[in-house]
Amino acid sequence: MVIIGDHKQIVIPHLNRTKHDPARLSGVRLLHTHLENQPINDEDLMDLIFLRLDSIEVLTVSAQGFPISYSCAHILPTGGKNNLYEVYPLCPWDKVNFNPLATAKNLEKELERISKSASPTIREKHALLISVSTESKKVQENSLKELEALAKTAGLKVSGYFIQRVQKINPSHILGKGKLAELEIIALQKGASILIFDCELSPSQLRNLTNITERKVIDRTQLILDIFAQHAKSKAGQLQVEMAQLKYTLPRLIKQNRAFSRLAGGIGGRGPGETKLEIDRRKIRERINKIKKELDKIKRQRQTARNLRERSQIPIVALVGYTNVGKSTLLNTLTQSKVLVADKLFATLDPTSKRMRYPKNKEIIFTDTVGFIAHLPNDLKQAFSATLEELRPANLLLHVADASHPQLENQINAVKEILKELNLEDKTTLLILNKWDKLTADQQQQLKNKYPSAFPTSALNKFGLDRLTQEILKKLF
Ligand SMILES: Nc1nc2c(ncn2[C@@H]2O[C@H](COP(=O)(O)OP(=O)(O)OP(=O)(O)O)[C@@H](O)[C@H]2O)c(=O)[nH]1
Ligand SMILES: [Mg+2]
């Protein structure tokens with residue numbers, strides 16, 4: 001293909017690639033002219049990397065249009081941080097000794113060796129997790145661990161990490177160009193087709209990043225929305241998720257829909273569906289309004305159900321807590337029922353209530369609900385306000401925590417924070433240290449000292465449940 005530009009720029013059209021494999025070069029060589037006797041510059045190198053070119057080549061020409069000298073560059077598949085590419089110096093054009101085809105072939109072989117066995121279709125699900133933050137490395141690492149659990153829950157495979165501590169987040173691209181180039185090479189080496197940023201990307205950041213890289217760019221919020229979309233079972237749950245997704249995507253719709261069509265495939269685009277994603281903003285707004293009305297209706301119905309329950313005077317105990325701590329398992333053991341339990345984040349989205357009869361004709365309603373997570377996306381918080389309304393009439397909250405989780409304290413604090421936001425912090429609350437069976441005797445002792453009033457339990461082997469039940473009955477009757 002020949003592209004003609006002017007002295008200032010050439011516009012490279014969207015190349016219809018034959019090779020879409022994230023771990024391979026594009027199969028395209030770009031040979032272009034420099035009007036002055038300038039070697040390969042930074043802009044050329046950025047094109048080399050972000051277009052995954054086999055090589056970028058420069059021919060400098062005289063004022064009369066005759067060739068003078070030649071230079072070229074290619075990426076270094078195994079290069080480290082400061083060694084992303086090999087650049088050959090200018091040399092007279094008739095003395096060139098560079099074999100682009102053979103070089104590309106060797107680079108491909110090297111890439112094949114690094115990314116090993118995974119097939120391109122499997123690589124479509126490979127993600128690189130990226131943390132760019134002013135926080136310490138330790139904090140970033142812990143947050144990435146949670147992001148990894150989220151990614152796995154969403155059905156992705158994590159092929160690598162990229163942690164960058166910065167003084168200030170780059171407002172337009174999150175990272176500077178040089179760092180983005182480094183990131184792109186790592187993604188190439190790891191064969192990652194998805195870049196997941198451990199933060200919320202602003203609409204313009206998302207747009208800018210999507211314009212630079214061919215890889216799919218998503219953020220933590222989108223990932224969580226995606227999981228919610230996968231797990232939503234009830235009509236209300238599905239509507240709530242769709243609403244949050246539409247609200248999130250609305251400002252992120254862009255003119256050419258280029259980034260958008262990319263977002264629409266698979267992860268990050270589940271729920272509203274590709275066809276719906278292509279309808280314009282007006283239609284999305286209409287849809288949001290329609291959902292709002294339906295949700296209001298559901299809210300009223302739930303209110304009626306709640307009123308009935310309240311009138312029945314049966315006390316309500318609500319299980320709250322971080323996601324995956326064992327709330328549903330505990331509900332099941334306490335009430336001998338079979339609510340879905342899974343080693344996944346956000347397995348439960350819909351509130352479930354179970355009635356339990358105790359001796360002396362005492363009855364309790366237990367309510368299980370959606371798990372919490374630190375930095376819960378705002379749109380999701382709003383969307384799930386109806387679900388969280390279920391917590392309001394509760395007479396007692398069981399704050400369930402995973403005692404075996406390395407982030408126990410942070411998770412407890414995150415839950416307290418959210419309860420405060422929901423104005424529920426004044427409710428009588430029992431702290432439950434669940435998964436007690438996973439701890440050593442030493443660890444158990446330490447936690448007993450740290451949380452003297454907490455209730456150690458194991459929802460799996462029923463340890464501590466009698467004592468907990470006694471306490472619940474004492475608090476309620
Ligand atoms: N070892 C051990 N595992 C437990 C215990 N309680 C729950 N689990 C496991 O923890 C995982 C999560 O349990 P769930 O009951 O689904 O947790 P949840 O809090 O309802 O999670 P979400 O609904 O996703 O927020 C499952 O694999 C359970 O088998 C426990 O006391 N000990
Ligand atoms: Mg659950």
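It should be emphasised that the depicted structure is a prediction, and the values quoted were computed from it without experimental measurement. In listed order, ligands and their atoms are each counted from 1. Note that the numbering runs from 1 along the sequence shown for the chain.
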Please work out which of [options] has its closest non-hydrogen atom nearest to [atom].
{"atom": "atom 23 (O) of ligand 1", "options": "Val325, Thr348, Asn461", "result": "Thr348"}
{"atom": "atom 16 (O) of ligand 1", "options": "Ala347, Ala342, Ser404", "result": "Ala342"}
{"atom": "atom 6 (N) of ligand 1", "options": "Thr457, Asp437, Asn434", "result": "Asn434"}

Hey, which atoms in ligand 1 end up nearer than 4.0 Å to a heavy atom of [X]?
{"X": "Gly371", "answer": "25 (O)"}
{"X": "Lys344", "answer": "24 (O)"}
{"X": "Phe346", "answer": "24 (O)"}
{"X": "Lys438", "answer": "1 (N)"}
{"X": "Thr323", "answer": "22 (P), 24 (O), 25 (O)"}
{"X": "Ser458", "answer": "31 (O)"}

What pair of heavy atoms forms the shortest contact from [X] to [Y], and how long is it?
{"X": "Thr134", "Y": "Gln167", "result": "CG2-O, 3.4 Å"}
{"X": "Gln443", "Y": "Lys438", "result": "OE1-O, 4.4 Å"}
{"X": "Thr429", "Y": "Leu396", "result": "N-CD1, 4.5 Å"}

Give, for atom NZ of Lys293 and atom CG of Leu295, the distance between the pair rounded to the nearest 0.5 Å.
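Between atom NZ of Lys293 and atom CG of Leu295 there are 12.0 Å.
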Measuring from atom CG of Leu439 to atom NZ of Lys448, what distance do you get when rounded to the nearest 0.5 angstrom?
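Separation between the atoms: 10.5 Å.
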Where the Mg ion (ligand 2) is the corner point, what angle links OG1 of Thr348 with OG of Ser328, to 10°?
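Output for this angle: 90°, rounded to tens.
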To check your reading of the model: name the closest protein heavy atom to [atom], its residue, and the distance in Å.
{"atom": "atom 8 (N) of ligand 1", "value": "Lys435 CE, 3.7 Å"}
{"atom": "atom 29 (O) of ligand 1", "value": "Val341 CG1, 4.0 Å"}
{"atom": "atom 7 (C) of ligand 1", "value": "Thr329 OG1, 3.3 Å"}
{"atom": "atom 11 (C) of ligand 1", "value": "Asn324 OD1, 3.6 Å"}
{"atom": "atom 3 (N) of ligand 1", "value": "Leu460 CD1, 3.5 Å"}
{"atom": "atom 31 (O) of ligand 1", "value": "Ala459 N, 2.8 Å"}
{"atom": "atom 27 (O) of ligand 1", "value": "Asp343 CB, 3.4 Å"}
{"atom": "atom 17 (O) of ligand 1", "value": "Gly326 N, 3.1 Å"}

Under 3.5 Å, is there a donor on one side chain and an acceptor on the other for [X] and [Y]?
{"X": "Asn434", "Y": "Thr457", "result": "yes"}
{"X": "Asn307", "Y": "Thr304", "result": "no"}
{"X": "Glu141", "Y": "Tyr161", "result": "no"}

Counting heavy atoms only, which part of Lys327 comes closer than 4.0 Å to ligand 1: side chain, backbone, both or neither?
both
Just to be sure I read this right, does ligand 1 sit under 4.0 Å from the backbone of Leu345, its side chain, both, or neither, counting only heavy atoms?
backbone
Looking at [Y], is its backbone amide N or carbonyl O close enough to the side chain of [X] to form a donor-acceptor pair, meaning the two atoms are under 3.5 Å apart?
{"X": "Thr213", "Y": "Leu209", "value": "no"}
{"X": "Ser26", "Y": "Arg52", "value": "yes"}
{"X": "Thr323", "Y": "Phe346", "value": "yes"}

Should the pair Lys354 and Phe366 be classed as cation-pi, given the thresholds of under 6.0 Å to the six-membered ring centre and 45° from the axis?
no
